> 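Structure incoming, see below.
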Amino acid sequence: MLKLEDIWMQVESENGENREILRGINLEFNTGKLYGITGPNGGGKTSLAKVIMGIYKHTKGRIFLNGEDISHLSITERAQRGIGYGFQQPPRFKGLTIGDMLAIAAPDADPKRRRLQLRAVGLCPEDYLDRDLGPGLSGGEMKRIEMAQLLLRDCKVSIFDEPEAGVDLWTIQKLIALIEGGYKHNPDKVAIIISHNENILPICDEIIVLEDGMVTDRGTANQVWHLIRDDIECKVRTRCQGDLEYEIDQY
Ligand SMILES: Nc1ncnc2c1ncn2[C@@H]1O[C@H](COP(=O)(O)OP(=O)(O)OP(=O)(O)O)[C@@H](O)[C@H]1O
Ligand SMILES: [Mg+2]
């Protein structure tokens with residue numbers, strides 16, 4: 001369904017130099033499967049999601065959705081074709097209520113379904129529909145609203161960027177059940193879950209490890225999980241350890 005062919009992306013750093021954030025990503029995502037993307041902080045997971053959504057422009061490579069090259073389509077056009085992204089840090093919109101936001105996200109959804117979806121992520125519609133999407137909402141509440149929006153939209157490709165971040169342990173189980181229920185074995189849909197969570201990654205059919213802008217491992221949870229834990233911990237420690245020891249010496 002979704003195919004990424006040799007995707008590269010670069011950003012201009014503060015000193016004016018170009019830095020490659022994504023380096024030759026080749027991936028294919030097929031319907032009926034849950035995919036997990038994990039890897040160290042700064043590895044490029046969110047950037048890859050934003051490239052798929054069209055928020056970031058890739059510098060090289062092509063993106064296909066059901067055989068159509070969507071590389072040059074705008075965010076809106078990609079959304080119209082059924083791609084949805086739930087932000088790692090959902091934006092706040094002061095002056096807009098949660099009800100307004102759900103109506104904008106899924107204008108065709110029955111209002112009863114909007115209420116139901118909100119309840120499903122653990123937020124009582126009676127308390128939340130009229131609340132402002134401004135700074136008064138907690139981080140966990142914002143994540144749950146973002147999740148409700150994405151689930152309501154019934155996208156062909158849904159990308160959840162750390163759906164568990166800031167969400168309490170009781171709600172994480174609820175969110176996992178919602179993702180599994182909506183996407184696992186669904187012949188029309190693909191879910192891509194960016195996560196570091198030990199409860200979420202095992203529900204995925206395939207886990208992809210992204211590190212330094214490259215895919216460094218992939219496989220089932222059983223194949224990859226121990227490898228990920230030991231390998232990443234090891235690399236992160238090695239990369240930072242020398243600098244840390246130097247800083248401590250200087251201190
Ligand atoms: N717009 C941007 N401008 C400059 N650098 C960026 C930009 N977006 C991302 N980066 C850099 O690209 C790298 C990858 O960032 P990204 O957010 O994709 O990582 P991540 O894997 O999602 O990390 P995390 O697990 O912390 O969410 C980081 O070093 C980040 O600082
Ligand atoms: Mg991220």
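Note that ligands are numbered from 1 as they come in the structure, with each ligand's atoms numbered from 1 the same way. Predicted, not measured: the structure shown is a model, and the values here were computed from it. Numbering starts at 1 and runs along the sequence shown. Worth knowing before you read on, the calculation uses all heavy atoms, side chains too, and leaves out hydrogens, waters and symmetry mates.
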> Using a strict cut-off of less than 4.0 Å between a Lys/Arg side-chain nitrogen and an Asp/Glu carboxylate oxygen, indicate whether Asp108 and Arg153 qualify as a salt bridge.
no

> Check this for me, if you would: do Arg19 and Glu12 make a salt bridge, where the nitrogen-to-carboxylate-oxygen distance has to be below 4.0 angstrom?
no

> Among side-chain atoms of Asn15 and Ser13, is any donor-acceptor pair under 3.5 angstrom?
yes

> List-wise, which protein N, O or S atoms are found short of 2.8 Å from the Mg ion (ligand 2)?
Thr46 OG1, Gln88 OE1

> Assess whether a salt bridge exists between Arg113 and Asp154, defined as any Lys/Arg side-chain N lying under 4.0 Å from an Asp/Glu carboxylate O.
yes

> Compile the protein residues with any heavy atom at a distance under 4.0 Å from an atom of ligand 1; present them by chain, then by number.
Val11, Arg19, Ile21, Pro40, Asn41, Gly42, Gly43, Gly44, Lys45, Thr46, Ser47, Tyr56, Gln88, Glu162, His196

> Sequence neighbours left out, cut at 3.5 Å: what donor-acceptor pairs do the side chains of residues 82-91 make with other protein atoms?
{"unit_1": "Tyr85", "atom_1": "OH", "unit_2": "Asp161", "atom_2": "OD2", "d": "2.7"}
{"unit_1": "Gln88", "atom_1": "OE1", "unit_2": "Thr46", "atom_2": "OG1", "d": "2.7"}
{"unit_1": "Gln88", "atom_1": "NE2", "unit_2": "Glu162", "atom_2": "OE2", "d": "3.3"}

> Does the distance from a Lys or Arg side-chain N to an Asp or Glu carboxylate O, for Glu126 and Arg119, drop under 4.0 Å?
yes

> Got a sec, which pairs hit ring pair (Phe, Tyr, Trp, His ring centres under 6.0 Å) with one end in residues 162-217, sequence neighbours left out?
Phe160-Tyr183

> Can you tell whether the side chains of Lys184 and Asp205 come within less than 4.0 Å, N to carboxylate O?
yes

> Between Met1 and Asn66, is the side chain to side chain contact (heavy atoms under 4.5 Å, CB included) condition met? List the steps.
CA-CA 5 Å; Met1 157 152 323; Asn66 287 329; 3.9 Å; yes

